[in-house]
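Below you'll find the structure, written out as structure tokens, and then a few comments.
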Amino acid sequence: MAREIPTWNHNAAELRKLQSELAGEVSLRDGFAKPLRTIAGFDVGFEDEGATTCAAAVLLDANIREVLDQQVARLPTAMPYIPGLLSFRELPALFAALEMLKAKPDLAFVDGHGIAHPRRLGIAAHFGVATGLPSIGVAKKILIGEARMALHDMRGAFTPLRDKSEQIGWLLRSKVGCLPLIVSPGHKVAMASAPELVMRYVTTYRLPEPTRLADRIASRRDRSSD
DNA sequence: GCGACAG
DNA sequence: ATCTTGTCGC
């Protein structure tokens, strides 16, 4: 299933080249079950001063948002964080968590960018191409690109994130008074579908439930209410 | 050359 | 990402 991820060989140039090749396999057309039955959120955290990579996967009923399963995978960290090469550092653990789930989701929300990336292959896009699963990137900060139009401070408002003249994602105001989320298609999801799909899972927090829950357990912040 | 830079 | 107290605003 999950295609092989190169190990850190200290050759960033090779990894960038691989990203460009894989970016050619990304589909920007909706290719998920409609209506959605299940959805899952993925995020990564670190322990032991960074020596251990902790990936969390939370599977939810796409309609009632009830948690159906949640898993955590811990692997020794094998690569440093390098802007633009995040997927090579976090994908191995994410794949392990995905395999642990009792069922594969119809759609995956991954913490990080989809195609809003220098070579159009952020971690969410890489995750989608490698697993074949439809995916969307939900990031908290811009890696590349800029918003040219103002974003209304209204829940659900969104405006294009562009690089040059190409649209690579959206700035989405998931919550009033909060910085916007950076949403971009990962794989098998159309640019125009991304904002609504993410808002469908936003409740009273800035992050949509799938990602918010995965973030909580991946970062050990689930002790108090779990 | 200089600044920017997901998590 | 992670380390952390107080503080601002609804």
Side-chain angles (χ1 to χ4, degrees), chain A residues 5 8 12-13 15-16 19-20 22-23 26 41-57 72-97 108-130 135-147 153-155 161-164 168-187 194 198 203-208 210-224:
Chain A
I5 291 297
W8 179 229
L15 299 183
R16 292 193 179 90
Q19 292 184 320
S20 296
L22 291 176
V26 169
F42 296 85
D43 188 32
V44 170
F46 296 87
E47 299 175 351
D48 312 323
E49 300 169 49
T52 301
T53 298
C54 184
V72 174
R74 292 168 210 281
L75 272 69
T77 302
M79 207 192 113
Y81 165 68
I82 298 173
L85 298 180
L86 179 68
S87 63
F88 298 106
R89 170 174 162 86
E90 305 189 343
L91 239 31
L94 247 25
F95 288 159
F109 280 6
V110 182
D111 190 297
H113 295 290
I115 64 170
H117 174 279
R119 290 163 295 285
R120 309 296 181 259
L121 194 83
I123 188 169
H126 196 160
F127 178 96
V129 167
S135 64
I136 293 179
V138 179
K140 297 175 281 301
K141 293 188 292 190
I142 291 176
L143 204 210
I144 189 177
E146 59 187 68
D153 190 21
M154 227 183 90
R155 185 174 186 284
L161 169 69
R162 47 181 69 256
D163 180 25
K164 307 295 183 178
I168 57 178
W170 306 90
L171 259 69
L172 173 65
R173 184 136 268 147
S174 54
K175 180 176 181 176
V176 174
C178 286
L179 290 174
L181 247 32
I182 314 304
V183 174
S184 61
H187 186 44
V198 172
T203 58
T204 62
Y205 302 90
R206 179 162 85 122
L207 296 177
T211 290
R212 189 181 73 80
L213 296 175
D215 182 80
R216 283 184 32 154
I217 60 178
S219 300
R220 284 186 169 181
R221 267 181 280 88
D222 60 313
R223 293 302 198 222
S224 52

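Any value given below was found using the heavy atoms of this structure, including those in side chains, with hydrogens, waters and symmetry copies removed. So you know, we letter chains A, B, ... as the sequences are listed, proteins then strands, and number each from 1.
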Send over the distance from A/Glu49 CD to C/dA1 C1', rounded to a whole Å. 14 Å
Quickly work out the A/Asp153 CG to C/dG9 P distance and round it to whole Å. 15 Å
Answer with base, sugar-phosphate or nothing: what part of the nucleic acid does A/Leu85 contact at a heavy-atom distance below 4.0 Å? base
If we only count heavy atoms from C-beta on, is the A/Leu86 to A/His113 side-chain gap below 4.5 Å? no
Kindly indicate whether the side chain of A/His117, heavy atoms from C-beta on, has any atom under 4.5 Å from the side chain of A/Gln19. yes
When you compare the side chain of A/Arg120 with that of A/Asp163, does any pair of heavy atoms fall below 4.5 Å? yes
Please give, in whole Å, the distance from C/dC10 P to A/Lys175 NZ? 12 Å
Just say parallel, tilted or perpendicular for the rings of A/Phe127 and A/Phe95, cut-offs at 30° and 60°. tilted
Validation row: A/Val44, A/Asp111 side chains within 4.5 angstrom (heavy atoms): no
At 4.0 Å (heavy atoms only), tell me whether A/Gly122 reaches a base, stays on the sugar-phosphate, or touches nothing. base
Taking every non-hydrogen atom, the tightest pair across A/Ala55 and A/Ala97: O-CB, 3.8 Å
Quick one: A/His113 NE2 to C/dA1 P, roughly how many Å, whole number? 12 Å
When rounded to whole Å, the CZ to P distance for the pair A/Arg155 and C/dC10 reads 18 Å
Quick one: are A/Pro208 and A/Val138 in side-chain contact, heavy atoms under 4.5 Å? yes
Hey, does A/Glu90 have a side-chain heavy atom less than 4.5 Å from the side chain of A/Phe46? yes
For a 4.0 angstrom threshold against heavy atoms of chain A, report the outermost contacting nucleotides of DNA chain B in 5' to 3' order. B/dC5 to B/dG7
Establish, with yes or no, whether the OP1 or OP2 oxygen of C/dT2 is under 4.0 angstrom from a side-chain nitrogen or oxygen of A/Ser219. yes
Contact class for A/Gly137 (heavy atom, under 4.0 Å): base, sugar-phosphate, or nothing? nothing
For A/Phe46, answer base if it contacts any base atom (sugar-phosphate contacts may also be present), sugar-phosphate if it contacts only those atoms, and nothing otherwise; contact means non-hydrogen atoms under 4.0 Å. sugar-phosphate
How does DNA chain C look in dot-bracket form if you count Watson-Crick and G-U pairs under 3.5 Å, write [ ] for pairs that cross, and put | where a base pairs with another strand? ..........
Rounded off to whole Å, could you give me the CG-to-P distance for the A/Asp215 and C/dA1 pair? 6 Å
